[in-house]
Amino acid sequence: MSTLRSRLTAIYATALVATLFVFAIALWGARRAASLQELQRYVFTEANLALSLVRNAELAGQPVTEVRDSIVGPAITPQLRTLLEGIPDYVLVLDSNGRSLYVSFAARQLSADELASLQQHAINAPTSGLAVIVPFGGERLLMAARAPVRESQISRVVVASSTRSAELAVGELVGTMLVIAPLLLLISIGGAYVIAGRALRPIDGIINEVQAITDGRSLHRRLPAGGAGDELERLTTTLNEMMERLERSFAALRRFTADASHELKTPLAVLRADVERAMTPNVPPAERLVALEEALHETTRMADLVESLLTLARADERRFDLHLEPVPLEALVREVFETAVILGEAGGLTVTMPVVEPVTVAGDPTRLRQLFLNLITNAIKYTPRGGSVELTLESFGKTVAFSVRDTGVGISAADLTHIFERFWRADRARSRPLLTGDRPWMAERGGFGLGLAIGQWIAEAHGGSISVRSRLGRGSTFTVTLPVADPARRDAGVEELPEGKATQSARSA
Ligand code: ADP
């Protein structure tokens, strides 16, 4: 199974092998260079020693060569030869013709071919103080040549030593490393596996906890906070915050579904009773007509509710239809004011509009009318007879504010935080029969507590907002603030809105 733990261990092992490999190569290279350098020093010391033996003899006025055999030619004197035999490596003393005046004991053990090859290399070796590596049979030689400064029969003294000893030492080191490395690797991988397991144990705990939260009902559970301030604590906090949001959304969804079902249940029951009454034999035609009228009314109410629910569902999914165009608000507000006056008269209220300024916004006129009418009908609905409702449309530079002020029942401070929630009404039981009783038009659009939620969405979808100020028993003021369309732009459309909204509207177009 490919777990994070085994993956981490594998990555660690690969990194370790690569590091060990690089380390071994570097060590091998450094060790080899050092060994060769050491050998070079040793070979030069030997060459200098051989040269000083020759020179000392010359300086002492002793002969360095003699001719014992006329066929063989001159050779080093026996005294010098005895001294030179003390040097263990290949030592050659050559004359100016390249002839060997002295061949050391080690060199004399070589075959004729090998000796010839050694002599050839000795003739070519530089006397500048540089040692050279020359191939020699199956091995290599490090060769140092020195030339006497004085006029002499001897042209050069050459010492050569096999590099095998230096390379053997390096080879031993690499061999030791090769033996130790797998052992080291095994111990390290074992250690890494245990450490990774320990480090990841809290993640296992988090996985088990999250797995236990299988449905919406377990969302109240929270992961225990670590408190170490590390990544795991951040993960726990993030997951806890996410679950809190999910819990809130689930609760809102459940409440919304329950509220929607409840709101549909009543009109459906009324509808059923009306239809049953209309179908009862021997019912007078007038009574049947009343039952059918009521059924029609409830159907309209249900259609309204379904329409509102659909609008909110689309708004939630950001899949709504907003037909944006430049909207002269003054004309729109005058139009809704006329409706407000008619509705106000029916409710015994005074409706006025003291301030209205000409201003254009980029918006959907149908939706804006719906928003303004909702605020006006609410103001009229929640203001007792004799009260007043005042509309104003004021421009403030880049924004415009449409306000609806009433002298009605007002909203308590505690309720103010809820009025934009879906299906929320200050007094569910009382609001319909009490306040709509004297206003037959209200009965057609009885409150579901969705109007302000939809109004808030409309305002925000236009890049604006909606706010409220109210005091219980003193009346309320609802204000919609919208951004003014830029007069410099002819196409006061989609681009006028904040980015998110523009996308939404563009998608719906
Ligand atoms: P509804 O259709 O019930 O009026 P809204 O969403 O429009 O739904 O309003 C939600 C609640 O806010 C109302 O039920 C009412 O309690 C309160 N409300 C709204 N407008 C006013 C107002 N002008 N005066 C007093 N209360 C108001």
Side-chain angles (χ1 to χ4, degrees), residues 252 255-256 259-260 262-264 266-267 297-298 300-313 315-316 336-337 339-340 343-344 347-353 367-392 402-437 439 441-460 465-480:
R255 207 170 49 235
F256 185 73
D259 284 345
H262 181 79
E263 291 296 337
L264 280 167
T266 316
H297 164 67
E298 288 306 328
T300 313
R301 256 182 73 78
M302 279 197 296
D304 277 355
L305 175 61
V306 171
E307 177 65 34
S308 298
L309 289 177
L310 207 62
T311 304
L312 285 170
D316 287 345
V336 294
F337 171 66
T339 314
L343 295 177
L349 308 172
T350 323
V351 181
T352 54
M353 189 163 69
R367 290 295 187 190
L368 289 177
R369 188 179 298 110
Q370 181 187 358
L371 164 61
F372 295 167
L373 271 175
N374 181 258
L375 297 182
I376 290 166
T377 49
N378 272 353
I380 293 170
K381 200 168 22 169
Y382 299 108
T383 305
R385 277 184 173 275
S388 67
V389 173
E390 188 185 277
L391 314 184
T392 54
F402 171 73
S403 297
V404 180
R405 193 167 64 81
D406 65 57
T407 56
V409 294
I411 306 159
S412 72
D415 288 348
L416 264 183
T417 48
H418 298 291
I419 57 164
F420 293 104
E421 286 173 15
R422 293 167 189 191
F423 290 114
W424 192 90
R425 281 168 296 190
D427 189 344
R428 284 185 178 220
R430 201 189 47 139
S431 64
R432 260 186 84 196
L434 187 82
L435 290 167
T436 60
R439 291 162 219 186
W441 53 271
M442 282 296 177
E444 272 171 33
R445 289 189 63 85
F448 293 112
L450 291 176
L452 283 178
I454 294 174
Q456 190 179 43
W457 159 67
I458 294 173
E460 285 173 0
S465 61
I466 181 166
S467 61
V468 57
R469 276 184 295 119
S470 185
R471 279 180 71 185
L472 202 58
R474 294 278 184 87
S476 322
T477 307
F478 283 82
T479 306
V480 178

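None of these values were measured; they are calculated from a predicted model. Remember, it's 1-based here, ligands and their atoms both numbered in the order they're listed.
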Legend entry - Side-chain donor-acceptor pair present, Thr479, Ser403, cut-off under 3.5 Å: yes
Inset, instruction - For Phe337, enumerate each residue passing the ring pair (Phe, Tyr, Trp, His ring centres under 6.0 Å) test, keeping only those at least two apart in sequence or located in another chain. - result: none
Inset, instruction - Check whether any side-chain N or O of Thr417 sits under 3.5 Å from a backbone N or O of Ala414 as a donor-acceptor pair, and report yes or no. - result: yes
Legend entry - Numbered atoms of ligand 1 (with element) below 4.0 Å of Ala379, judged on heavy atoms: 23 (N)
Legend entry - Part of Asp406 with heavy atoms under 4.0 Å of ligand 1, whether side chain, backbone, both or neither: side chain
Inset, instruction - Could you tell me whether the side chain of Thr383 and the main chain of Asp406 form a donor-acceptor pair under 3.5 Å? - result: no
Inset, instruction - Below 4.0 angstrom from a heavy atom of Lys381, which ligand 1 atoms are there? Numbered from 1 as shown, please. - result: 1 (P), 2 (O), 4 (O)
Inset, instruction - Any atoms of ligand 1 less than 4.0 Å from a non-hydrogen atom of Leu450? List them with their elements. - result: 6 (O), 8 (O)
Inset, instruction - Kindly give the heavy-atom pair with the smallest separation between Arg367 and Ile458, and that separation in Å. - result: O-CD1, 3.4 Å
Legend entry - Side chain, backbone, both or neither: the part of Asn374 lying under 4.0 Å from ligand 1 by heavy atom: side chain
Inset, instruction - Measure from the side-chain N and O atoms of Ser476 to the backbone N and O of Ser470, and report whether any donor-acceptor pair falls under 3.5 Å. - result: no
Legend entry - Steps toward side-chain contact (heavy atoms from CB on, under 4.5 Å) verdict (Leu450, Leu309): CA-CA 8 Å; Leu450 291 176; Leu309 289 177; 4.2 Å; yes
Legend entry - Any Gly408 heavy atom less than 4.0 Å to ligand 1: no
Legend entry - Residue selection (non-hydrogen contact nearest atom 22 (C) of ligand 1) among Tyr382, Phe423, Trp424: Tyr382
Inset, instruction - Return a yes/no value for Gly451: is any of its N or O atoms, backbone included, closer than 3.5 angstrom to an N or O of ligand 1? - result: yes
Legend entry - Nitrogen or oxygen atoms of Ile411 and ligand 1 under 3.5 Å apart: no
Inset, instruction - Find all atoms of ligand 1 within a distance of less than 4.0 Å from any non-hydrogen atom belonging to Gly449, and give their numbers and elements. - result: 1 (P), 2 (O), 3 (O), 6 (O), 8 (O)
Inset, instruction - Show which atoms of ligand 1 fall inside a sub-4.0 Å distance from at least one heavy-atom site of Phe478. - result: 20 (N), 21 (C), 22 (C), 23 (N)
Inset, instruction - Run the ring-centre check on Phe372 versus Phe402 and record whether the distance is less than 6.0 Å. - result: yes
Inset, instruction - Answer yes or no: does an N/O atom from Arg425 fall short of 3.5 Å to an N/O atom of ligand 1? - result: no
Inset, instruction - Examine the proximity of ligand 1 to Phe448 and report which part, side chain or backbone, both or neither, has a heavy atom under 4.0 Å away. - result: backbone
Inset, instruction - Return yes or no for this condition: an N or O of Leu452 is under 3.5 Å from an N or O of ligand 1. - result: yes
Legend entry - Inter-residue atom distance Gln456.CD - Ile419.CD1, 0.5 Å rounding: 9.0 Å
